[in-house]
Amino acid sequence: MFAGDMHSPIYNCITGQYMATTLFPSSTLLVPASLKEANPITRNSSSKLLVNCKTLKELKQLHCDMMKKGLLCHKPASNLNKLIASSVQIGTLESLDYARNAFGDDDGNMASLFMYNCLIRGYASAGLGDQAILLYVQMLVMGIVPDKYTFPFLLSACSKILALSEGVQVHGAVLKMGLEGDIFVSNSLIHFYAECGKVDLGRKLFDGMLERNVVSWTSLINGYSGRDLSKEAVSLFFQMGEAGVEPNPVTMVCVISACAKLKDLELGKKVCSYISELGMELSTIMVNALVDMYMKCGDICAARQIFDECANKNLVMYNTIMSNYVHHEWASDVLVILDEMLQKGPRPDKVTMLSTIAACAQLGDLSVGKSSHAYVLRNGLEGWDNISNAIIDMYMKCGKREAACKVFEHMPNKTVVTWNSLIAGLVRDGDMELAWRIFDEMLERDLVSWNTMIGALVQVSMFEEAIELFREMQNQGIPGDRVTMVGIASACGYLGALDLAKWVCTYIEKNDIHVDLQLGTALVDMFSRCGDPSSAMHVFKRMEKRDVSAWTAAIGVMAMEGNTEGAIELFNEMLEQKVKPDDVVFVALLTACSHGGSVDQGRQLFWSMEKAHGIRPHIVHYGCMVDLLGRAGLLEEAVDLIQSMPIEPNDVVWGSLLAACRKHKNVELAHYAAEKLTQLAPERVGIHVLLSNIYASAGKWTDVARVRLQMKEKGVQKVPGSSSIEVQGLIHEFTSGDESHAENTHIGLMLEEINCRLSEAGYVPDTTNVLLDVDEQEKEHLLSRHSEKLAMAYGLITTGQGIPIRVVKNLRMCSDCHSFAKLVSKLYNREITVRDNNRYHFFKEGFCSCRDYW
DNA sequence: GTAGGGTTAG
């Protein structure tokens, strides 16, 4: 790979210096034989020579000779027209400037309409829309009347820079001049409106046209496809066929790309068979569109086959397949294609290098990454911002922060993307502090900057901060998008903030944010975690498409409720819809069985994994099974399973067994499991806590003391239990025995009142949940101040009758609080939801949705 | 003269 480049001087990560060698010597000026003195130029021969000029240097020399001989003048159809046309044709920025300078002359001769049209076209195709518009204005000032040729160029210029109001004025001029009947002008207007996001106006124009050609249809098809209305694009394509208009290769490219955007493989295939029906030959641009479509629709093998079979692959085709491989994270295939390209294909350009560098970033391939960097430097591609941004990203992902920073420092035009790449890299590097600082100091932030930071905060579990940042974003008038909402939904879910969650949904509707697979799944998960299964399922049912992750989220809703039947029903529905199960969905299923106490179904699912679905159980599935069996009291079977596992059991597996021992009060087995656990994960806080809890509930206080001492020696501390409740959009958090809340007195009185009413109803506190060796009265007191009780009491005070109380707890709810909540739900006629770190409990009229099994 | 394929960061 880059045979010659590997040993070339490249970027030095340590010194930050790089040396670029020039691969191509600057091209020497080729003087056509006809230019030599032996063959003197005349007015006629020079005109032909002008048209055939391929480089600016050639043109300049010719121009010079013609001036000497006085062969240039401003008469219509003169050589000056041809000079400008030729210069524009060359198409570089320099040649455009040259044309602009040759334009007027000092004698006050006016540039012709033809020259204006020529140069406006040149500016339009170079993307210099504003220059084109300026030239148009100048033309009007000079009293030159535009013609039907001016407008398509000018409108193309307006489209390129999305100059809506200017284009609308141009439309006005078109109408004034009575040119709306010109099919070229109308087609250009359709394209212009579509590009500026006003495809409806384009449609109106299209509908009013007396005569349409294939370009009119194609422009509108492409307009729909580009505005995320690909369904309309494809249906318009078939309407076009019905109207008897033959598509051409450009039309096919547009419609195939619409199928690609829809990721609708069936539709794509339908279009393919339509091509064969028409007997159309596949041109290179069509093959390229097909490769792209198959890739985007997920049929990578089909795409590769077409690619491999294509005899005349051009640069774009190589770039297409490579960039798609990058998006599918098939980075090693990118390098395989690159190899082929270097051997027998066109020379890699900046787009090729962009994909290559992105692939190196994914693979963490520093070696090819460096060579690519060298190639970029030698070929002068680093001026293109995208490339440098990709290089920064690559060095960051390869763990070369210094190298990334050096590239960053050397960049003359840092864009917001550059800063974003750096921030994202720092976040991945775990340097939140620096990422924050840079984000704070950024002069220009875009949506991605905000999304990166919100995502980063969610990743490090700073959920409140993530929501706070989103609020700041709102204050600055920046609306969130799909990606923002995925982050915020996730934060809401973890906080269990249902009011906020509902607000998120309203926000999405109000701002017309498209709920795609990812966002839909995030919303299902959010409502599930907020303890609102019906909203979760409502979102799920409204999702347009559902992949295995979406189904898993829905099955997760059932798992939270301990609804095994619901989970299995969903799973069967998923299979009917031909969605292939993966390992994760089985985790959700087994969790559902575990929470529902459905041992038989769990066993059945577990064994079906490999037999029916070809998925070998991972360690996590064994963990689920041990949990399922253990919870149901089948401790021996759980131990048998552990002993028969083909994989070495890990701390999670032993942890599940230990938790089961606690529930079923098997001190001996608990001791064994704890020993195994301590060997595997001595740092785990949970083991000590669980073991100490087990001893405590068995009244073995000396053992409790021993474990506590060990914990102290090892510096591990029990995670304090905390519960939160959302009241009027604010989250109130309580820890066990917390007296810091402003309403502490009220809460205390409320708890006393509750306890009185509960005692009358026959409630006796279950003090085995108190893990300290203190007297019974003290135990009762400690128990009565558990964080979830404080949160429930606060909820009763602050919310009106009939409003459900929702509490989120960071640890598992204790059995006493469970009985307490059941009775409160009955005596106070309130629905109460408690989501703990495992599942949620929905209390109503004295019963819990978990049917006391959890 | 009008329409078209590949482009970095979340």
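Numbers restart at 1 for each chain; the letters A, B, ... are given by sequence-line order, proteins then strands. Keep in mind that the numbers below use all heavy atoms, side chains included, and drop hydrogens, waters and symmetry copies.
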Ring centers of F237(A), W217(A) separated by less than 6.0 Å: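 No: the rings miss the under 6.0 Å criterion.
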
Centroid-centroid distance, Y136(A) to Y116(A), less than 6.0 Å: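 Between Y136(A) and Y116(A), the centre distance exceeds or equals 6.0 Å.
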
With heavy atoms under 4.0 Å as the rule, sort [X] into base, sugar-phosphate or nothing.
{"X": "K148(A)", "answer": "base"}
{"X": "A289(A)", "answer": "nothing"}
{"X": "D481(A)", "answer": "base"}
{"X": "R428(A)", "answer": "sugar-phosphate"}
{"X": "S188(A)", "answer": "sugar-phosphate"}

Is any N or O donor-acceptor pair between the side chain of [X] and the base of [N] shorter than 3.5 Å?
{"X": "N117(A)", "N": "dG1(B)", "result": "no"}
{"X": "N319(A)", "N": "dG5(B)", "result": "no"}
{"X": "N386(A)", "N": "dA9(B)", "result": "no"}

Rounded distance in Å - [atom1] ([X]) to [atom2] ([N]):
{"X": "L426(A)", "N": "dA9(B)", "atom1": "CG", "atom2": "C1'", "result": "13 Å"}
{"X": "I438(A)", "N": "dA9(B)", "atom1": "CD1", "atom2": "C1'", "result": "14 Å"}
{"X": "I392(A)", "N": "dA9(B)", "atom1": "CD1", "atom2": "C1'", "result": "10 Å"}
{"X": "M252(A)", "N": "dG5(B)", "atom1": "CE", "atom2": "C1'", "result": "13 Å"}
{"X": "N248(A)", "N": "dG5(B)", "atom1": "CG", "atom2": "C1'", "result": "14 Å"}
{"X": "Y395(A)", "N": "dA9(B)", "atom1": "OH", "atom2": "C1'", "result": "18 Å"}
{"X": "H191(A)", "N": "dA3(B)", "atom1": "NE2", "atom2": "P", "result": "5 Å"}
{"X": "L315(A)", "N": "dT7(B)", "atom1": "CG", "atom2": "C1'", "result": "12 Å"}

Side chain of [X] only, heavy atoms from C-beta on: which candidate in [options] is closest?
{"X": "N389(A)", "options": "dT8(B), dA9(B), dG6(B)", "result": "dT8(B)"}
{"X": "V215(A)", "options": "dT7(B), dA3(B), dA9(B)", "result": "dA3(B)"}
{"X": "V253(A)", "options": "dG5(B), dG1(B), dT8(B)", "result": "dG5(B)"}
{"X": "W384(A)", "options": "dT7(B), dA9(B), dG5(B)", "result": "dT7(B)"}
{"X": "N288(A)", "options": "dG1(B), dG6(B), dG5(B)", "result": "dG5(B)"}
{"X": "N187(A)", "options": "dT2(B), dG6(B), dG1(B)", "result": "dT2(B)"}
{"X": "Y149(A)", "options": "dG6(B), dG1(B), dT8(B)", "result": "dG1(B)"}
{"X": "V250(A)", "options": "dA3(B), dG1(B), dG6(B)", "result": "dA3(B)"}
{"X": "N314(A)", "options": "dT2(B), dG5(B), dT8(B)", "result": "dG5(B)"}
{"X": "L354(A)", "options": "dA3(B), dG1(B), dT7(B)", "result": "dT7(B)"}

Within 6.0 Å of CD in E441(A), more than 12 heavy atoms from elsewhere: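 More than 12 heavy atoms, drawn from other residues, nucleotides or ligands, come within 6.0 Å of this atom.
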
Salt bridge D393(A)-R428(A), side-chain N to carboxylate O under 4.0 Å: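 Answer for the salt bridge query: yes.
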
side-chain N/O S323(A) vs dT7(B) OP1/OP2, d < 4.0 Å: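 So the side chain of S323(A) is within the cut-off, an N or O lying under 4.0 Å from OP1 or OP2 of dT7(B).
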
Y507(A) and Q474(A), any side-chain heavy atoms less than 4.5 Å apart: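 Yes - at least one pair of side-chain heavy atoms lies under 4.5 Å apart.
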
Side chain to side chain contact (heavy atoms under 4.5 Å, CB included) partner of I190(A), chosen from M209(A), R212(A), R203(A):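 Exactly one pass, corresponding to M209(A).
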
N314(A) and N288(A) side chains, donor-acceptor separation under 3.5 Å: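 No.
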
